[in-house]
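Structure first, then comments.
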Amino acid sequence: MTLVPEEAKALEALAAQEDKPLDGFGIFGVVKETGVDDEGLFTFHNDFFDRDLYRDENQEFYQALGKRKLSLNPFSIYKMYKASKRLKEKKIEGNLTGEGLVQGGVIIFGKDGKPKYCYEEKTGEELPVSDILTAALDVKDRN
């Protein structure tokens, strides 16, 4: 199971809103590995996130997010179980191919190229779209 397609769909829905709140931002994806599940990457790109994907060979993006790893404890396993039910309801399928423990997130950059907002992925939780929208609008207003 993977939460990334759910997060990608949420970002795509936000970008597609009638008022186009993310216009002016370059939206792209960062992956940490290729050659492990390229079929899964292809499916992800075609079905969930039809935007540019970049391989972060040195994992600089993940380092900027603290290079956090999913801890496998009873609480996180329970959260993943609940998330799997949510994904099933949304008809989102994932797989367990690849590394899968390093957590990602969302970084919003200003026009100066410097990070202005960071959301660190939280195990089993949905993307806080309203928080990301608020941050994006704040960054847009300040630029």
Side-chain angles (χ1 to χ4, degrees), residues 1-34 36-56 58-111 113-143:
M1 179 194 68
T2 179
L3 298 175
V4 174
E6 179 185 38
E7 293 168 343
K9 282 183 80 163
L11 281 176
E12 287 290 1
L14 178 60
Q17 287 181 2
E18 192 173 317
D19 60 346
K20 304 293 184 200
L22 300 183
D23 273 5
F25 290 96
I27 303 171
F28 57 90
V30 176
V31 298
K32 62 185 168 294
E33 58 191 6
T34 56
V36 176
D37 183 22
D38 289 341
E39 184 178 330
L41 278 177
F42 182 78
T43 299
F44 171 74
H45 183 262
N46 286 335
D47 295 351
F48 301 103
F49 197 72
D50 189 20
R51 297 184 183 267
D52 291 339
L53 295 174
Y54 298 96
R55 180 174 175 220
D56 183 6
N58 297 324
Q59 296 195 6
E60 292 170 8
F61 176 82
Y62 298 95
Q63 288 174 9
L65 289 166
K67 200 155 186 187
R68 298 165 307 108
K69 288 194 174 197
L70 176 67
S71 62
L72 296 176
N73 59 55
F75 184 65
S76 67
I77 292 170
Y78 173 72
K79 287 174 80 174
M80 293 301 289
Y81 170 74
K82 284 181 64 176
S84 69
K85 289 177 69 174
R86 184 179 70 241
L87 294 176
K88 190 172 186 176
E89 289 171 5
K90 292 180 177 184
K91 296 181 172 61
I92 296 175
E93 293 183 24
N95 65 44
L96 296 174
T97 305
E99 186 272 332
L101 294 178
V102 174
Q103 294 181 297
V106 174
I107 299 176
I108 298 176
F109 295 89
K111 286 185 178 179
K114 295 182 180 176
K116 305 296 183 186
Y117 170 83
C118 174
Y119 162 74
E120 295 176 345
E121 177 184 5
K122 294 179 179 66
T123 303
E125 294 183 16
E126 291 185 75
L127 192 68
V129 174
S130 62
D131 293 350
I132 290 171
L133 175 58
T134 299
L137 293 175
D138 184 56
V139 168
K140 195 182 274 190
D141 286 345
R142 291 176 190 249
N143 281 304

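A salt bridge links Glu12 with Arg51; the closest basic N to acidic carboxylate O contact falls under 4.0 Å.
Residues that satisfy the salt bridge (charged side-chain N to carboxylate O under 4.0 Å, His left out) test with Lys90, not counting sequence neighbours, are Glu6, Glu126. By the salt bridge (charged side-chain N to carboxylate O under 4.0 Å, His left out) test, Asp138 is found to be paired with Arg142, residues two or more places apart in sequence or in another chain being considered. Checked against salt bridge (charged side-chain N to carboxylate O under 4.0 Å, His left out), Lys116 has the following partners two or more places apart in sequence or in another chain: Asp112.
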Exercise. Dump the intermediate steps for side-chain contact (heavy atoms from CB on, under 4.5 Å) on Leu53 and Phe44, then the final yes or no.
Key: CA-CA 10 Å; Leu53 295 174; Phe44 171 74; 3.9 Å; yes

Practice problem: List the steps and the verdict of side-chain contact (heavy atoms from CB on, under 4.5 Å) for Phe49 and Ile27. | Solution: CA-CA 10 Å; Phe49 197 72; Ile27 303 171; 3.8 Å; yes

Exercise. Please lay out, stage by stage, how Gln59 and Lys67 fare under the test side-chain contact (heavy atoms from CB on, under 4.5 Å).
Key: CA-CA 8 Å; Gln59 296 195 6; Lys67 200 155 186 187; 3.2 Å; yes

Quiz item: Could you walk me through whether Lys9 and Phe48 pass the side-chain contact (heavy atoms from CB on, under 4.5 Å) check?
Solution: CA-CA 6 Å; Lys9 282 183 80 163; Phe48 301 103; 3.5 Å; yes

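Within 6.0 Å of CD in Glu39 there are 12 or fewer heavy atoms belonging to other residues, nucleotides or ligands. More than 12 heavy atoms of other shown residues, nucleotides or ligands fall within 6.0 angstrom of atom CZ in Phe109.
Closest approach of Asp56 to Phe61, counting heavy atoms only: OD2-N, 2.6 Å. Leu127 and Ala10 get closest at one heavy-atom pair: CD2-CB, 4.0 Å.
The CD atom of Glu121 lies 9.0 Å from the OH atom of Tyr62; values are rounded to the nearest 0.5 Å. To the nearest 0.5 angstrom, Gln17 atom CD is 11.5 Å from Asp23 atom CG. Summarising the geometry, atom NZ belonging to Lys32 is positioned 15.0 Å from atom CG belonging to Asn58; distances are rounded to the nearest 0.5 Å. How far CZ of Phe25 is from CG of Leu14: 10.0 Å, rounded to the nearest 0.5 Å.
A donor-acceptor contact shorter than 3.5 Å links the side chain of Lys140 to the backbone of Pro21. Proximity of a side-chain donor or acceptor of Arg68 to a complementary backbone N or O of Gly104 within less than 3.5 Å is detected.
For the pair Val129 and Ile132, the minimum side-chain heavy-atom distance is 4.5 Å or more. The shortest distance between side-chain heavy atoms of Thr134 and Tyr117 does not fall below 4.5 Å.
The aromatic rings of Tyr54 and Phe28 stand perpendicular to each other, their planes meeting at an angle above 60°, with 30° marking the opposite boundary.
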